[in-house]
Amino acid sequence: RAAGTLFLGLGLCSLRRHLLWPLIPQRGYRGDSPTDSGKDVLEIPLPPWQERPDEPLDTKRARLLYESRKRGMLENCILLSLFAKENLARMSEEQLNRYDRLINEPSNDWDIYYWATEAKPTPAEFETDVMAMLREFAKNRNREQRLRQPDLEYLFEPPR
């Protein structure tokens, strides 16, 4: 008896939803429809990148490590965080500044990823020794498994 009541209750609920569905205004994203004007897209301008010439090197390295890990897309989170782990400690101040500009001036993380993986050519203003290091790192010649960001325990290890 209880199972029959439950089934009947579900049937009425489904019937009610079926009958009322056409009367309820539908909202939501329709995908790439040809009638989509794009007028509802809001593009928020990013503040311009600014070099930080008076930033202490330890602070700069820590900030760049954080910014390498917290990206707009998982692919760059993994690529840049592993690159930062391997390279930030030994980069010169000039290289750190070029890396800072590389990861913070372009407004699109996909651009950085495509340049690093050589899917697209790197613009002249970003074609530096640091970009070459990143491209070489992205080739993963040792075939390391790179499926996630490194744990932060390495920060407490003595430098190599």
Side-chain angles (χ1 to χ4, degrees), residues 17 21-22 24-160:
R17 188 178 327 118
W21 186 255
I24 301 171
Q26 300 301 307
R27 295 176 28 185
Y29 180 66
R30 291 185 325 236
D32 295 332
S33 68
T35 60
D36 188 6
S37 68
K39 291 180 182 177
D40 58 342
V41 175
L42 176 63
E43 207 167 305
I44 301 170
L46 296 174
W49 173 80
Q50 292 182 350
E51 192 170 353
R52 302 173 187 198
D54 298 327
E55 185 176 36
L57 283 181
D58 288 343
T59 304
K60 184 181 297 283
R61 281 190 175 94
R63 178 177 57 79
L64 291 173
L65 172 67
Y66 176 83
E67 291 171 350
S68 296
R69 295 178 64 87
K70 303 299 181 185
R71 305 305 304 175
M73 53 184 266
L74 180 60
E75 292 84 350
N76 273 359
C77 289
I78 294 170
L79 177 66
L80 295 177
S81 66
L82 291 167
F83 176 80
K85 175 186 177 186
E86 190 169 303
N87 293 286
L88 286 184
R90 64 176 184 222
M91 283 183 169
S92 69
E93 183 174 4
E94 292 79 22
Q95 287 176 316
L96 290 171
N97 290 336
R98 288 191 289 274
Y99 182 66
D100 187 4
R101 181 172 179 232
L102 173 66
I103 68 170
N104 288 308
E105 188 171 318
S107 62
N108 188 341
D109 253 20
W110 280 110
D111 289 337
I112 298 168
Y113 182 78
Y114 289 146
W115 302 336
T117 59
E118 299 182 80
K120 289 185 178 178
T122 305
E125 62 267 23
F126 296 110
E127 192 57 66
T128 66
D129 59 334
V130 173
M131 187 69 231
M133 291 167 60
L134 181 58
R135 271 197 307 266
E136 185 60 32
F137 182 81
K139 289 178 183 173
N140 193 13
R141 294 191 192 274
N142 294 334
R143 301 286 184 229
E144 299 168 327
Q145 189 175 33
R146 296 177 177 173
L147 301 176
R148 62 187 194 95
Q149 294 184 25
D151 294 328
L152 293 175
E153 282 83 21
Y154 75 89
L155 294 173
F156 305 105
E157 297 171 0
R160 297 189 257 165

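Values below: all heavy atoms of this structure, side chains included; hydrogens, waters and symmetry mates excluded. Source: prediction; values computed, not measured.
In this structure, T117 OG1 and I112 CD1 are separated by 11.5 Å, a value rounded to the nearest 0.5 Å.
A donor-acceptor pair under 3.5 Å is absent between the side-chain atoms of R69 and the main chain of A84, judged by distance alone. A donor-acceptor pair under 3.5 Å is formed between the side chain of N76 and the backbone N or O of D109.
Inspection of the T122 and R135 side chains reveals an N or O donor paired with an N or O acceptor under 3.5 Å.
Within 6.0 Å of atom OH in Y113, 12 or fewer heavy atoms from other residues, nucleotides or ligands are found, so the atom counts as exposed in its surroundings. The neighbour count for E144 CD, taken as heavy atoms of other residues, nucleotides or ligands under 6.0 Å away, is above 12.
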Could you walk me through whether T128 and L102 pass the side chain to side chain contact (heavy atoms under 4.5 Å, CB included) check? CA-CA 9 Å; T128 66; L102 173 66; over 6 Å; no
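Between A138 and A116, the shortest heavy-atom distance links the atoms CB-O, 3.4 Å. Closest non-hydrogen pair, P53 versus E93, comes out as O-OE2, 4.4 Å.
At a threshold of 4.5 Å between non-hydrogen side-chain atoms, the residues R63 and D100 count as touching. Side chains of E75 and W110 form a contact here, defined as non-hydrogen atoms less than 4.5 Å apart. Residues N87 and Y99 fail the side-chain proximity criterion, which asks for heavy atoms closer than 4.5 Å. The shortest distance between side-chain heavy atoms of E55 and L96 does not fall below 4.5 Å. Under the 4.5 Å side-chain criterion, counting only non-hydrogen atoms from C-beta, W115 is not in contact with L134. Residues R98 and M91 have side chains not in contact (no heavy-atom distance under 4.5 Å, counting atoms from C-beta outward). The closest side-chain heavy-atom distance from R141 to E136 is below 4.5 Å.
Across L79, I103, I78, a single residue satisfies side chain to side chain contact (heavy atoms under 4.5 Å, CB included) together with R71, and that is I103.
The residues E118 and K139 are annotated as salt-bridged, a charged nitrogen and a carboxylate oxygen being separated by less than 4.0 angstrom. Between E51 and K60, no side-chain nitrogen of the basic residue sits less than 4.0 Å from a carboxylate oxygen of the acidic one, so the salt-bridge criterion is not met.
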